[in-house]
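These values consider heavy atoms only, across backbone and side chains, with no hydrogens, waters or symmetry-generated copies. Read the numbers this way: they start at 1 and go in the same order the structure lists the ligands and their atoms.
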Amino acid sequence: MTTEVGHHHHHVSPKDLVSVEAHLADILVNIRPLPPTLLGITEAEGCVLAEDITASRPLPPFDNSAMDGYAVIAADVAGASKDRPVALRVSGEVAAGDTGAYAVTPGSSLRITTGAQLPGEADAVVPVEDTDGGLAQVKIRAAVEPGHAVRFSGGDARQGDVLLPRGTRLGPMQIAVLAASGHGRAEVYPRPRVVVVSTGDELTEPGQALTPGKIWDSNSFMLAAAAREAGCLAFRHGPVPDDPLKMLPAIEDQLLRADLLVTSGGVSMGGRHDVVKDTLGRLGTIQFRKVAMQPGMPQGFGTIGEDSTPIFTLPGNPVSAYVSFQVFVLAALGALQGQLDWRLPSVRATVTGPLRSPPGRRSFLRGVLNRAEGTVAPLSGQGSHQVATLGKANALIIIPEWVVHLKAGDDANVLCLP
Ligand code: AMP
Ligand code: MG
C-alpha cells in the first residue's frame, strides 16, 4: 500500500488499530479501473458505462400519434361536440411503421394508429373513442387543440442530450434507453472477474458427510454470491488446506482468471495456523492490519502477481467475512469499474432494542430494518460465527467507534443489505 496509515484520522481508533475509512482509502488508491470494452446491448447488461450515451437523433425521431384515432386539422373540428358532431371524409389509414407520404387536406382525415408518423398538414389526433369509428366518413364528437394526442419529435429527448452518463450501471431501464436511442453497443467496464478461495483444514464441501472436528465451507459460496450480486463474474475455489505448500500455488493458479481475489480464513491475530497471513505475508505486497471494527478486525489487502491483482484476505468467521465484503470489497469492485463511491445505501432508523459495542471499534450488527416504520430490530445471536442470524438480517446497524451502547428509541445509521 502506498498510503501511510499515520496520515489518516487517528482520533477515531485506539492505538494499533486502523480506522475503517483509512483502510478503505488505502484500498481504493491501489485499484486501477479495468480497461473499458465495447459490448453489445445484451452483454453490457449489468455493466457500468465507461462513456456518456447521447441521443444521436431526437426522441421520438418524428412527430407521431399517441393514440389510435383520426389525424385531423384541428381547425376543422373546432366546433365538434357530442350533440353536434363534425363529419370528415376518411381518405385512408396510416399505421405504425408506414413510410408513405401521407397528408390530410382540409375537410378530410386519416385513420391513424399509435406510433404512426403524423401525416403532412395534420396537427392533431382525435382519439377513436371520441368518434363513431367510421371508415369512409367519420363523425368527430369532440373538439381538439392543435397538438392533441401528438408526440412531437424531440419531446422525449433532443439530439445530443446525454441520456445515460458515464458511470451508470445498466439495469433493465437503462438498457431500454440504450436500445431506444439506437445504440447497438456501448463502451463499458467489463464485469470484474472475482475468484474466491476459502482456506482451512476444517472445511468440508456442503453435501458431503461431516467427520468430527469439521464444518461445512460456507464462505466461498457466500462471497462468490455477494460478488455476483454486485455485478461480477465470480468463481469459487473449494477449500485449500492450511498448508503453505498448497496455498500459494492454489492462489497463484487463480491469477489467470482473476481481476480481484478474495480469500477467507487464516488471518487471525497470531496463531501458527494463520497460514494465509504467513504464506502471503512473505510476498511483501500484502499488508495485514487490525481495523477498528467488529466484526472484521483482522484484514489483509494488497496486490499479487505480474498484473498486481488486488487481493483481499478476509477473516474466516462467516459474519466477519460478509461484513468485510460489504464494507471493503464492494468499494473495490466499484473502483475496478471506475466508480469510487460504491457503498451500500444507508438510512437512519430507530433501534427497537438495546445494543452493545466495544469501545474504539465500529460495530456492524445484524438487524431487521422496517423502512415503512423507520425502525430497525437488532437480532439476537450477534457472534461473528452465528450464520443463523445472517439468514434473518436485511441490514447492518452501525454503532460508532466511541459509542458503547444504544438503547431502544435511539437512532442509528443502518446499512441496507442488497
Ligand atoms: P480463521 O480466520 O481461519 O481463524 O477462522 C475463524 C473461524 O471461521 C473458524 O471458526 C473457522 O472454522 C471459521 N471458518 C473459516 N473459514 C470458513 C469457511 N470457509 N466457512 C465457514 N466457516 C469458516
Ligand atoms: Mg482457518
Suppose I only count heavy atoms of [X] and a 4.0 Å limit; which atoms of ligand 1 are within that range?
X: Asn317; answer: 6 (C), 7 (C), 8 (O)
X: Ile215; answer: 12 (O), 21 (C), 22 (N), 23 (C)
X: Ser264; answer: 19 (N)
X: Ser198; answer: 19 (N)

* Asked: Quick one: does ligand 1 sit under 4.0 Å from the side chain of Ser268, the backbone, both or neither, non-hydrogen atoms only?
  ->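 The answer is the side chain.
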* **Close N or O approach (Asp217, ligand 1; < 3.5 Å)** => yes
* Asked: ligand 1 and Asp274, any nitrogen or oxygen pair closer than 3.5 angstrom?
  -> no
* Partner residues of Ala224 under the side chain to side chain contact (heavy atoms under 4.5 Å, CB included) criterion, sequence neighbours left out ->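 Once residues adjacent in sequence are excluded, the partners of Ala224 under the side chain to side chain contact (heavy atoms under 4.5 Å, CB included) criterion are Val196, Arg228, Ala234, Arg236.
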* Asked: Val403: what forms a side chain to side chain contact (heavy atoms under 4.5 Å, CB included) with it, not counting sequence neighbours?
  -> Ile399, Pro400, Leu406
* Asked: Crowded around Arg169 CZ? As in, over 12 foreign heavy atoms under 6.0 Å?
  ->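 Check passes, neighbour count above 12.
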* Test Thr204 against Asp217 for side chain to side chain contact (heavy atoms under 4.5 Å, CB included), laying out the working first. => CA-CA 6 Å; Thr204 305; Asp217 169 22; over 6 Å; no
* **Under 3.5 Å donor-acceptor, Lys392 side chain and Arg366 backbone** => no
* To do: If you have a sec, work out which protein heavy atom is nearest atom 20 (N) of ligand 1 and how many Å separate them, to one decimal?
  =>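 For atom 20 (N) of ligand 1, the nearest protein heavy atom comes out as Ser218 N, 3.1 Å.
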* **Heavy-atom nearest neighbour in the protein, as seen from atom 17 (C) of ligand 1, with distance rounded to 0.1 Å** =>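 That would be Asn219 ND2, 3.3 Å.
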* **Nearest heavy-atom neighbours spanning Leu28 and Arg343** => CD1-NH2, 3.6 Å
* **ligand 1 contacted by Gly200 (non-hydrogen, < 4.0 Å)** =>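 Gly200: no contact with ligand 1 (<4.0 Å).
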* Asked: With a 4.0 Å cut-off on heavy atoms, is Glu202 touching ligand 1?
  -> yes
* Apply salt bridge (Lys or Arg N to Asp or Glu O under 4.0 Å) to Asp132 and Arg141, showing your working. => CA-CA 8 Å; Asp132 68 351; Arg141 301 195 200 104; 5.9 Å; no
* **Selection from Gly266, Ser320, Ala321, Gly316 by shortest heavy-atom distance to atom 3 (O) of ligand 1** => Gly266
* Asked: Does Phe328 have its ring centroid less than 6.0 Å away from the ring centroid of His23?
  ->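 Yes, close enough.
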